[in-house]
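Only one structure is covered here, and it is reproduced in the block below.
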2 protein chains.
Amino acid sequence: MLKVLKFGGTSVGTLDRIQNVANIIKKIKDEGHDVIAIVSAMSGETNKLLDYAGYYSKTPKLDEIDMLLSSGERVTSALLSIALNEMGYKAMSMSGRQAGIVTDNAHTKARIESIDTTEMKKSIKDGNIIIVAGFQGIAQDTLRVSTLGRGGSDLTAVAIAGAIEADVCEIYTDVDGIYTTDPRIEPKAKKLDKISYDEMLELASLGAKVLQNRSVEMAKKLNVNLVSRSSFTPEVEGTLITKEENIMEKPVVSGIALDKNQIRVGMYGVTDRPGIASAIFTALADANINVDMIVQTRGLDGTTDLDFTIPTTDFEICKKVMEQFKAQAKNIDYNESICKVSIVGVGMKSHTGVASKAFTAMANENINIRIISTSEIKISMIVDEKYAELAVRALHEAYHLDK
Amino acid sequence: MLKVLKFGGTSVGTLDRIQNVANIIKKIKDEGHDVIAIVSAMSGETNKLLDYAGYYSKTPKLDEIDMLLSSGERVTSALLSIALNEMGYKAMSMSGRQAGIVTDNAHTKARIESIDTTEMKKSIKDGNIIIVAGFQGIAQDTLRVSTLGRGGSDLTAVAIAGAIEADVCEIYTDVDGIYTTDPRIEPKAKKLDKISYDEMLELASLGAKVLQNRSVEMAKKLNVNLVSRSSFTPEVEGTLITKEENIMEKPVVSGIALDKNQIRVGMYGVTDRPGIASAIFTALADANINVDMIVQTRGLDGTTDLDFTIPTTDFEICKKVMEQFKAQAKNIDYNESICKVSIVGVGMKSHTGVASKAFTAMANENINIRIISTSEIKISMIVDEKYAELAVRALHEAYHLDK
């Protein structure tokens, strides 16, 4: 098999841990597989370099930031290659350019435009383990080094796996897979063997931080079998993220996610005339505010109540935007003490009674549900933040996820 | 004018000092000059990275060492560019590759094969100050990053200055020029305004550590006007190293150099048959030992005495090589307590009595000269190490170099 492996900043955080990664690669190579490993900068390195830049400028030129930051991954790739060569394995480091990665010209948040796999294929044919400096490519117009932004090394791995048609793309972090819920909240949480791209996307956007949405989306698009596993316990199998058709037995519910970084915005007694909701949400969208759940209810006096949630990070800007709609409502208030609990599972599509089971579980614990929204494979509920953990545990039990 | 500037590791050793370099460049730019600056890694960075590599291997692959080390200069170039942009100047960092530097494939000690100045010329035309990451290029066959070895950033600067036909190449260190001798030994030493390439080559190889021979040789070959000056006192003019024709008034003696890293090898009572000296020096050359001064004297009994000097660093290997010639001599001994004092000056070519003045000065101080060797512009003498400083001061005075 051709395996693409990705090791994040924590996995390569010290010289010792880079040696540990070399040992993991050795084992996989010994099993007869070809290996392309993508590495991040040693943890702390990127922030150190950003601090350096901050010494000179609050708004450094982005192409220079890319020149600066891209050095971190290069160092790790060279060190890992040196370690593997010392162990008697042929290894070769490659910068993004050498690996054939061409991006658009949006420095610090570039998108991969194409990958020319010629050099990598040649190097693998020569018997090399390839170590690619993650997070970087060259900008198509200027040929200057570019970086891919947050989660860029994951993206590099998935994109390479797709371009070179690897059998699997394993993302190594300090977590050994995807769990039915956060084990720090529910110790009975179980690691999943498999999960579909769509479920993973819902879980990732809902606060499970193991994989970034951009990478999962790309894996889905390129049909890359993604594995989330740990470099600290490489003997543990991890979780396969794959297309739904590859999952024989589809559980009704795969996981429960919790997101505390939500604020509920309430707008009460809104004059009910056409276009008012549209005006509000257009203004919020123009301010780049990511509005999540929206509920509109009509009051008895002909006015309307509007409830919606936004990420905590958008709070200040949202308040500014809402100022202009003050005259249109009797009252606008903000509630920071709420959270979003979500149930995700592809099996929902073909099973009934999934939602009612959730509402019953909440009712049994006297938890009041303030907003509900559903998609084909997800049910989200806004509840008071003080019930966050209790709600997760109740739902985890209601769907027997510990079994 | 188009000025190529080079700032070494000490000059960019801290964030503060990089800002200082930005100020120097700003001033030159404000005077109306175009600027290409070549930078080294921040001092200590290269050694840190080598230590990292040493954690994994005593004999790391050289192409990986290049991938590793080349990151240091990239960081400095990006930071300096960020600082200049913040000050309102258009600046652009370039890796060796972007600057068009192609080398041979001898990783860690590559030689520059060619420089394609197209990108640099374009960037200067666009009004940019160019900041080139020194010490690196790409290997012509593999297109992998390569480094130029010790003094590589100086070489980058000189080679770029030659290729782009710059008016001057200023090498900034922590020393403000070339002195008639080491001011720590002779406080009356005077900074030279100008010195010829050949004199500089003699002084560099004799222990004046400001400029590396490789760079001066290349400057001579490419006819680049080189200036040695300090980034800590940029208001001081420095020393111009140029071709002899550009120096109107040629001093008889330009400087006195001292080299304590010499060992004298004495081989006494060598059977005087043809080919014996050849055999010895061939064996030493094969072991890459840089034999410097050689004196052969014939004894009364038909045997020969052979004296020569080697650098201290080659002592152990030299002893091993000499083992095989033990049978051919009555005695072989080594003297570590010697040093080489040299007088350099292009004016010697046309003046007589220069050597005798040196011998007189030595005799006046009762310093015994053990070996003498001369070239067209140099007189070197081996004396006991305890006389080193005294010899330098006596010669400095004899040639009135403090005037």
Side-chain angles (χ1 to χ4, degrees), chain A residues 14-16 18-19 22 41-42 45 48-95 97-98 119 122-123 128 131 133 138 142-145, chain B residues 14-16 18-19 22 41-42 45 48-95 97-98 119 122-123 128 131 133 138 142-145:
Chain A
T14 62
L15 298 182
D16 228 30
I18 292 174
Q19 182 62 56
M42 295 170 77
E45 197 59 26
K48 188 193 79 178
L49 293 172
L50 281 175
D51 284 350
Y52 282 4
Y55 179 87
Y56 303 106
S57 174
K58 286 209 174 66
T59 52
K61 268 186 77 190
L62 300 181
D63 52 347
E64 298 299 350
I65 286 294
D66 281 354
M67 177 71 159
L68 184 69
L69 296 188
S70 60
S71 67
E73 284 74 17
R74 297 168 69 99
V75 166
T76 318
S77 68
L79 292 176
L80 181 52
S81 174
I82 287 170
L84 281 162
N85 276 293
E86 181 69 16
M87 292 157 74
Y89 292 77
K90 272 180 77 175
M92 180 189 270
S93 68
M94 288 192 181
S95 65
R97 167 183 68 86
Q98 287 171 280
E119 279 299 311
K122 195 166 139 272
S123 186
N128 283 303
I131 316 291
I138 53 169
T142 59
L143 304 186
R144 304 200 76 198
V145 66
Chain B
T14 63
L15 298 181
D16 227 31
I18 292 173
Q19 182 62 57
M42 294 171 76
E45 197 60 27
K48 188 193 80 178
L49 293 171
L50 281 174
D51 282 351
Y52 282 4
Y55 179 87
Y56 303 107
S57 174
K58 285 209 175 68
T59 52
K61 268 185 76 189
L62 299 182
D63 52 348
E64 299 300 349
I65 286 294
D66 282 353
M67 177 72 159
L68 184 69
L69 295 188
S70 60
S71 67
E73 283 74 17
R74 297 168 69 100
V75 166
T76 318
S77 68
L79 291 176
L80 182 53
S81 174
I82 287 169
L84 281 163
N85 277 291
E86 180 69 14
M87 291 157 76
Y89 292 76
K90 273 180 77 178
M92 179 190 270
S93 68
M94 288 191 180
S95 65
R97 168 183 67 87
Q98 287 171 278
E119 279 299 312
K122 195 164 141 272
S123 186
N128 283 302
I131 316 292
I138 53 171
T142 59
L143 304 186
R144 305 201 75 198
V145 67

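A, B, ... follow the sequence lines: proteins, then strands. Residue 1 opens every chain.
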I'd like to check B/Met67 versus A/Ser81 (side-chain heavy atoms, cut-off strictly below 4.5 Å). Are they in contact? no
Among B/Val75, B/Leu79, B/Asp16, B/Thr76, single out the residue with the greatest number of heavy-atom pairs under 4.5 Å to chain A. B/Leu79
Using heavy-atom distances under 4.5 Å, tell me whether B/Ala22 contacts chain A through its side chain, its backbone, both, or neither. neither
Region of B/Met94 in contact with chain A, defined by heavy-atom distances below 4.5 Å: backbone
Please determine, by modelled atom types, if A/Arg144 and B/Ser95 share a side-chain donor-acceptor pair under 3.5 angstrom. no
Side chain to side chain, A/Ile82 and B/Tyr55, heavy atoms closer than 4.5 Å: no
Is any side-chain heavy atom of B/Tyr56 closer than 4.5 Å to one of A/Leu80? no
So what's closer than 4.5 Å to chain A heavy atoms on B/Gln19: side chain, backbone, both or neither? both
Region of A/Leu69 that comes under 4.5 Å of a non-hydrogen atom in chain B: neither
Under 4.5 Å from any heavy atom of chain A - which part of B/Ile131: neither
Residues A/Asn85 and B/Glu64: closest non-hydrogen pair is ND2-CG, 4.5 Å
In terms of heavy-atom proximity below 4.5 Å to chain A, should B/Ile138 be classed as side chain, backbone, both, or neither? side chain
Is any side-chain heavy atom of A/Val145 closer than 4.5 Å to one of B/Arg74? yes
Region of B/Asp66 that comes under 4.5 Å of a non-hydrogen atom in chain A: neither
Any side-chain heavy-atom pair of A/Glu86 and B/Thr59 under 4.5 Å: yes
Output for pair (A/Ser93 OG, B/Asp63 CG), nearest 0.5 Å, gives 7.0 Å
